S.K.: 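Sending over a structure as structure tokens; questions will come in a sec.
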Number of protein chains: 2
Amino acid sequence: MPTKTTKSKKQEIFEEAAKLFQEKGYSSSSMRDLAQKVNLKVSSLYSHIGGKEEILQKICFENANHFLEGITQVEILKLPPSEKIKQLIRLHIKIALEDPTSITVFNDEWRYLSEPYLSDFLKMRKDYEVRFGEIIQKGIDLGEFKKLDITVVLFTILTSVRWLHYWNPETHNLTVEDLEKNILAILMSGIHTD
Amino acid sequence: MPTKTTKSKKQEIFEEAAKLFQEKGYSSSSMRDLAQKVNLKVSSLYSHIGGKEEILQKICFENANHFLEGITQVEILKLPPSEKIKQLIRLHIKIALEDPTSITVFNDEWRYLSEPYLSDFLKMRKDYEVRFGEIIQKGIDLGEFKKLDITVVLFTILTSVRWLHYWNPETHNLTVEDLEKNILAILMSGIHTD
DNA sequence: GTCTATAACTTGATAGAC
DNA sequence: GTCTATCAAGTTATAGAC
């Protein structure tokens, strides 16, 4: 019999909180809701965590770090910009499908971070966007990409994959690979036939 | 001297509320915040509006109706599916740029609608998605569009324009026409050179 | 229509017994 | 670590004087 990894109460709290924030939104989720989900009284939560916002901070910065680590890995690859952009799109798809709950909270609830966390978060996001944009610029310079506005390309790509955390791979007869192929095809070559 | 249209207090309340909801989110916005913005005491607000949610309902259903009216207009046009999809993308751009505040609240805060409004809203959204998807299907059947997964194409298009309400036309040296051209080029033909 | 006053309730967090 | 009890502040909304 395989050893079952015991989930700590703290971990359980974080996981249930993420679900709760996803369902009701951060500011509509109460510590009472959360306590009930993990079978504790409200006051007992504070033996495990510092407070409500600590959970939001963990979710937001963990995901921000995933994206920044991902782009750092891509930048050092000896590949043409077009391949780097494809890798980044795959990164977004992977992160969205791997932990949809966490990524939903990251996407939609970061603005409820208090200072100085909010500013830190926005700096990380800006950093990511700048570095993503630089790869696009290089691709245009090398003639791989059409001469389009960098900002438009950047945000079109970044937001175009922001529905994937709603995607349930099990209810669609489309493998993750096919999903990836479709998205890359649209962004690289468009939906129109040649 | 041109006649200045007088803004009713009710209208002022709705406009300031939209801004407030955009800034702080619906559930973090209080009637006290709103009262202060329009120089009234909280209780006086209730002489003009029924309550907090009435404002959210107005914003959500007004925008939902804009989109549904738009797609109805497009459907009756005698144009190939590819042109209809382009029209719809232009519709999204137009709505996003015309009233960014309202569309932000529509995009991000609809889930705080209470029943039965929430269900009504979701039905309208589903209706829009189905009709949008049918045009894509037709385009594929006629050979105008590549044989891609309808759902992937649908949501990629719908979400890819969901950053436009942050776009400030004045701080970018790109006209709205060029913005439109860039977005249509990406979605129709992709970013990659041929 | 606007105000003061207040009802009725929910919020995040803490004190201190066990 | 968990509990009961409670606090201080915030919430939407209403009653009733002017």
Side-chain angles (χ1 to χ4, degrees), chain A residues 5-61 105 108-118 121, chain B residues 5-61 105 108-118 121:
Chain A
T5 310
T6 311
K7 200 189 292 181
S8 74
K9 202 76 189 177
K10 183 168 179 173
Q11 199 180 340
E12 191 191 337
I13 290 169
F14 275 111
E15 284 172 20
E16 289 301 319
K19 285 191 222 168
L20 193 63
F21 294 171
Q22 177 184 31
E23 280 169 38
K24 311 185 58 170
Y26 176 74
S27 46
S28 298
S29 298
S30 73
M31 295 299 272
R32 282 163 179 76
D33 295 330
L34 179 55
Q36 201 175 15
K37 282 230 186 192
V38 296
N39 291 309
L40 283 179
K41 299 295 170 183
V42 185
S43 55
S44 306
L45 290 172
Y46 293 88
S47 297
H48 301 277
I49 56 163
K52 188 181 171 187
E53 201 187 308
E54 185 189 307
I55 307 172
L56 182 63
Q57 287 163 15
K58 186 165 180 279
I59 296 172
C60 290
F61 287 100
V105 176
D108 299 339
E109 314 294 334
W110 58 265
R111 65 205 190 106
Y112 299 107
L113 289 169
S114 64
E115 293 295 356
Y117 305 99
L118 180 60
F121 180 85
Chain B
T5 310
T6 310
K7 200 190 290 182
S8 74
K9 201 76 190 174
K10 183 168 179 171
Q11 200 181 338
E12 191 192 338
I13 290 170
F14 275 111
E15 284 172 21
E16 289 301 319
K19 284 191 221 167
L20 193 63
F21 294 171
Q22 177 184 32
E23 278 169 41
K24 310 185 57 169
Y26 175 73
S27 44
S28 297
S29 299
S30 73
M31 295 299 272
R32 282 169 176 73
D33 295 331
L34 179 55
Q36 202 175 14
K37 282 228 184 194
V38 296
N39 292 309
L40 283 179
K41 299 295 169 183
V42 185
S43 56
S44 307
L45 290 172
Y46 293 90
S47 297
H48 301 278
I49 56 163
K52 187 180 168 186
E53 201 188 308
E54 186 188 306
I55 307 172
L56 181 64
Q57 287 163 15
K58 186 163 181 279
I59 295 172
C60 290
F61 287 101
V105 176
D108 299 339
E109 313 295 334
W110 58 265
R111 65 204 189 106
Y112 299 107
L113 289 169
S114 65
E115 293 293 357
Y117 305 99
L118 180 60
F121 180 85

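Order of the sequence lines sets the chain letters (A, B, ...), proteins ahead of strands, with each chain counted from 1. If you're wondering where the values come from, they're calculated on a predicted model, not measured in any experiment.
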S.K.: For A/Tyr117 and A/Phe61, take the angle between the two ring planes, folded into 0 to 90°, and tell me which bin it lands in: parallel under 30, tilted 30 to 60, perpendicular over 60.
M.R.: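 Perpendicular.
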S.K.: Could you tell me whether B/Lys7 and B/Glu16 make a salt bridge, using a distance below 4.0 angstrom between a side-chain N and a carboxylate O?
M.R.: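 Salt bridge: no.
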S.K.: Can you tell me if A/Lys24 uses its side chain to pair, donor with acceptor, with the backbone of A/Ser30 under 3.5 Å?
M.R.: no
S.K.: How would you label the contact of A/Lys41 with the nucleic acid (heavy atoms, under 4.0 Å): base, sugar-phosphate, or nothing?
M.R.: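 Since a base atom lies under 4.0 Å of A/Lys41, the category is base.
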S.K.: Starting at the 5' end of DNA chain D and moving along, which residue's nearest nucleotide shows up first, B/Glu53 or A/His48?
M.R.: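 Taking each residue's closest nucleotide, the earlier one in sequence belongs to A/His48.
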S.K.: Whole-Å distance between D/dT14 C1' and B/Lys52 NZ?
M.R.: 17 Å
S.K.: Taking NZ from B/Lys10 and P from C/dG1, how many angstroms apart are they, rounded to a whole number?
M.R.: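 Distance check: B/Lys10 NZ to C/dG1 P gives 10 Å.
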S.K.: Would you mind reading off the distance between B/Gln36 atom CD and D/dT12 atom P, rounded to a whole angstrom?
M.R.: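 After rounding, the reported distance stands at 14 Å.
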S.K.: What is the separation between atom CD1 on B/Ile49 and atom P on D/dT14, rounded to the nearest whole Å?
M.R.: 11 Å
S.K.: By the 4.0 Å heavy-atom rule, please label B/Ser27 as base, sugar-phosphate, or nothing.
M.R.: nothing
S.K.: Separation of A/Leu45 atom CG from C/dT14 atom P, in whole Å?
M.R.: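 So the two atoms are 12 Å apart, to the nearest Å.
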S.K.: When you measure from the side-chain N and O atoms of A/Ser30 to the phosphate of C/dT10, is any distance below 4.0 Å, counting only OP1 and OP2?
M.R.: no
S.K.: If you check the A/Ser44 side chain, which of D/dT4, D/dT2, C/dA5 turns out closest?
M.R.: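 Nearest to the side-chain atoms of A/Ser44, counting from C-beta on, is D/dT2.
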S.K.: Whole angstroms only, please: what is the OH-C1' distance between A/Tyr112 and C/dT11?
M.R.: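 Checked: the OH to C1' distance equals 16 Å.
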S.K.: Just compare D/dT11, D/dC3, C/dT4 and give me whichever is closest to any side-chain atom of B/Arg32.
M.R.: D/dT11
S.K.: Report which part of the nucleic acid A/Ser47 touches: base, sugar-phosphate, or nothing (heavy-atom distance under 4.0 Å, all strands).
M.R.: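 Base contact.
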S.K.: Measure from CG on A/Asp33 to C1' on C/dG12 and round the result to the nearest Å.
M.R.: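 One finds 12 Å between C1' of C/dG12 and CG of A/Asp33, rounded.
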S.K.: Is the backbone of A/Tyr26 close enough, under 3.5 Å, to the side chain of A/Glu109 for a donor and an acceptor to pair up by distance?
M.R.: yes
S.K.: Crowded around A/Gln11 CD? As in, over 12 foreign heavy atoms under 6.0 Å?
M.R.: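 More than 12 heavy atoms, drawn from other residues, nucleotides or ligands, come within 6.0 Å of this atom.
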S.K.: Counting distance alone, no hydrogens or angles: does the base of D/dT2 have a donor or acceptor under 3.5 Å from a partner atom on the side chain of A/Ser43?
M.R.: no
S.K.: Under 4.0 Å, counting only non-hydrogen atoms across every strand here, what does A/Leu40 touch: a base, just sugar-phosphate, or nothing?
M.R.: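 Touches sugar-phosphate only.
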S.K.: To the nearest Å, how far apart are A/Tyr46 OH and D/dC3 P?
M.R.: 15 Å
S.K.: Between C/dG12, D/dT4, D/dT12, which one does the side chain of A/Met31 approach most closely?
M.R.: C/dG12
